[in-house]
Q: 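Quick one: the structure is below, and I'll ask about it shortly.
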Amino acid sequence: SLIKELFGLTQLEADLSAYLGIGRVVIVPGDADRSDWVKKEMGRAGARLLKQYAIPDQIVAVAGGSTILAVAESMMPTPAFKMTTFVPARGGVGEAVELEANYIASMMAKKTGGKYRLLHVPDQLSDESYQTLIREPNIQEVLESIRHARIVVHGVGDAKTMAIRRKSSRAVLEKLEESGAVGESFGYYFNRQGEIVYRVQTAGLQMKDLNRVEKIIAVAGGSSKAEAISAICSMLSQDTLITDEGAARAILKQV
Ligand code: G3H
């Protein structure tokens with residue numbers, strides 16, 4: 001668009017797409033670390049793209065966090081969305097309820113007139129309770145729809161920020177630090193090489209399930225997330241990234 005040309009963002013999108021090896025990169029102006037409207041802009045861009053990608057009878061799995069919440073807030077009804085089922089990518093991962101994937105999936109359905117399913121599997125379970133719970137037929141059914149997601153939409157967090165936000169124990173914080181975790185996405189923590197170094201035990205989408213997903217969309221911005229975005233995008237077969245100028249320039253070291 002003209003706005004993008006004026007800000008020089010079209011070139012930045014091409015550069016970032018080549019650098020990260022991601023098919024489609026959308027960059028909104030500004031830096032989400034500095035101003036709140038930037039996250040809203042990413043949300044709008046995310047909603048627009050989801051609308052473009054949508055087909056009837058699809059399942060869309062969503063992760064948690066404030067950026068994906070911003071996507072949900074910008075969504076509107078379309079014929080394809082009305083025939084879409086929104087599911088949480090994973091069970092609770094220790095977030096405040098309005099940042100949880102369950103809540104965001106239900107909000108997307110409400111905004112679009114689509115359907116949703118919830119996954120009620122808390123994180124802090126003993127192994128035994130967890131194994132019993134995930135054998136429940138109702139839970140199995142939801143897990144099955146998550147595995148059949150056509151689209152996955154997820155945020156990316158800085159590892160330490162996320163661990164603190166989730167009130168993780170000191171032992172977990174230390175483990176993350178020792179293992180060089182830099183980024184986090186749907187309960188998985190990654191090091192700079194994009195290797196998984198820690199995961200929150202909860203049911204739902206597993207890394208291997210992502211191979212079957214048609215479109216993986218990451219929405220994350222703010223210069224403080226540069227390292228996290230690079231790490232995660234290097235390991236996921238990410239095909240779309242929606243970010244902001246702040247993160248893009250920091251990743252490309254154009255600051
Ligand atoms: O997993 C990543 C986080 O959910 C991102 O959260 O969008 O609030 O920064 P955020």
Side-chain angles (χ1 to χ4, degrees), residues 1 3-5 7-54 58 60-76 78 81 84 86 89 99 101 104-105 107-108 111-112 149-158 162 183-186 210 213-252 254:
S1 70
I3 302 277
K4 291 215 170 183
E5 294 297 339
F7 282 100
L9 294 182
T10 309
Q11 187 57 49
L12 199 59
E13 284 172 347
D15 292 347
L16 192 60
S17 153
Y19 182 81
L20 294 174
I22 298 178
R24 187 156 180 191
V25 172
V26 177
I27 300 176
V28 307
D31 184 333
D33 290 346
R34 303 219 174 106
S35 21
D36 287 340
W37 57 264
V38 179
K39 197 177 278 179
K40 285 208 173 69
E41 264 323 299
M42 284 190 284
R44 261 194 280 272
R48 206 176 305 131
L49 218 66
L50 267 176
K51 179 178 153 188
Q52 269 175 34
Y53 289 162
Q58 62 173 356
V60 174
V62 300
S66 60
T67 317
I68 306 304
L69 180 65
V71 174
E73 280 165 346
S74 290
M75 289 174 73
M76 284 194 283
T78 69
F81 279 153
T84 294
F86 296 93
L99 298 181
I104 295 173
M107 181 189 257
M108 286 189 178
K111 289 277 187 182
T112 59
R150 172 174 174 261
I151 299 179
V152 171
V153 194
H154 69 94
V156 173
D158 167 71
M162 290 310 297
E184 187 277 346
S185 250
F186 39 96
L210 287 175
V213 173
E214 220 173 290
K215 291 203 180 298
I216 306 176
I217 308 173
V219 193
S223 45
S224 61
K225 288 189 183 178
E227 213 175 18
I229 296 170
S230 298
I232 283 166
C233 293
S234 72
M235 90 76 69
L236 293 183
S237 43
Q238 195 72 61
D239 55 18
T240 306
L241 169 68
I242 298 170
T243 188
D244 63 14
E245 205 181 339
R249 294 202 191 281
I251 293 168
L252 295 168
Q254 294 182 357

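Because the structure is a prediction, the values reported are computed rather than measured. What you see below is based on every heavy atom in this structure, not just the backbone, and it leaves out hydrogens, waters and symmetry mates. The chain is numbered in sequence order, starting from 1.
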Q: Which heavy atom of A89 sits nearest a heavy atom of A101, and at what distance?
A: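 Nearest heavy atoms, A89 then A101: N-CB, 4.2 Å.
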
Q: M75 and A47: which non-hydrogen atoms are nearest, and at how many Å?
A: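 Reported closest heavy-atom pair: CG-CB, 3.7 Å.
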
Q: Is there side-chain contact between L241 and L16, with heavy atoms separated by less than 4.5 Å?
A: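 Heavy-atom side-chain distance check passes, below 4.5 Å.
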
Q: Between CD1 of I22 and CD of E13, what distance do you get to the nearest 0.5 Å?
A: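 Atom-to-atom, I22:CD1 and E13:CD are 12.0 Å apart.
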
Q: Would you call the rings of F186 and H154 parallel, tilted or perpendicular, where under 30° means parallel and over 60° means perpendicular?
A: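 Because their plane-to-plane angle is over 60°, the rings of F186 and H154 count as perpendicular.
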
Q: Any donor and acceptor pair, going by atom type alone, linking the side chain of S17 with main-chain N or O of R24 inside 3.5 Å?
A: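 Checking the backbone N and O of R24 against the side chain of S17, no donor-acceptor pair under 3.5 Å is found.
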
Q: Take I251 and L20 through the test side chain to side chain contact (heavy atoms under 4.5 Å, CB included) and record every step on the way to the result.
A: CA-CA 9 Å; I251 293 168; L20 294 174; 4.3 Å; yes

Q: Do you know the tightest heavy-atom contact between A228 and G157?
A: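 That would be CB-O, 3.4 Å.
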
Q: Do S185 and I232 make a side-chain contact, defined as non-hydrogen atoms from C-beta onward lying under 4.5 Å apart?
A: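 Yes, side chains in contact.
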
Q: Rounded to the nearest 0.5 Å, how far does CZ of F86 lie from CE of M107?
A: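 M107 CE to F86 CZ: 12.5 Å, rounded to 0.5 Å.
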
Q: Listed by chain and number, what are the side-chain contact (heavy atoms from CB on, under 4.5 Å) partners of D31, not counting sequence neighbours?
A: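 side-chain contact (heavy atoms from CB on, under 4.5 Å) list for D31, sorted by chain: D33, R34, S223, D244.
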
Q: Does the side chain to side chain contact (heavy atoms under 4.5 Å, CB included) test come out yes or no for I242 and V71, once each step is laid out?
A: CA-CA 11 Å; I242 298 170; V71 174; over 6 Å; no

Q: Taking all heavy atoms of A226 and all of A250, pick out the closest pair and write down the distance.
A: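 Result for this residue pair: CB-CB, 3.6 Å.
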
Q: Taking atom CD of E41 and atom CZ of R44, what is their separation to the nearest 0.5 Å?
A: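 Answer for the CD-CZ pair, E41 versus R44, is 4.5 Å.
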
Q: Taking all non-hydrogen atoms of both residues, which atom of M42 and which atom of V28 are closest, and how far apart?
A: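 Shortest heavy-atom contact: CG-CG2, 3.6 Å.
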
Q: Does anything in residues 213-231 form a salt bridge (charged side-chain N to carboxylate O under 4.0 Å, His left out)? List the pairs, not counting sequence neighbours.
A: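 For residues 213-231, and leaving out neighbouring residues, the salt bridge (charged side-chain N to carboxylate O under 4.0 Å, His left out) pairs sorted by first residue read R150-E214, R192-E227.
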
Q: Could you state the interatomic distance from CD (Q254) to CG (D15), rounded to the nearest 0.5 Å?
A: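 These two atoms lie 6.0 Å from each other.
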
Q: Hey, what do you get for CG (L12) to CG (L252), rounding to the nearest 0.5 Å?
A: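 It is 6.0 Å, given to the nearest 0.5 Å.
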
Q: I217 and side-chain contact (heavy atoms from CB on, under 4.5 Å): which partner among L50, V26, V62, I68?
A: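 Passing option: L50.
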
Q: With rounding to the nearest 0.5 Å, note down the distance linking CD in E73 to NZ in K111.
A: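 Answer rounded to 0.5 Å: 6.5 Å.
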
Q: Just by modelled atom types, is the V38 backbone N or O under 3.5 Å from a matching donor or acceptor in the S35 side chain?
A: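 Absent.
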
Q: Tell me the closest heavy-atom pair linking A54 and F81, and the distance in Å.
A: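 For A54 versus F81, the nearest heavy atoms are CB-CE2, 3.9 Å.
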
Q: Do T240 side-chain atoms and A218 backbone N/O form a donor-acceptor pair below 3.5 Å?
A: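 Side chain of T240 to backbone of A218, a donor-acceptor pair under 3.5 Å: no, none is there.
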
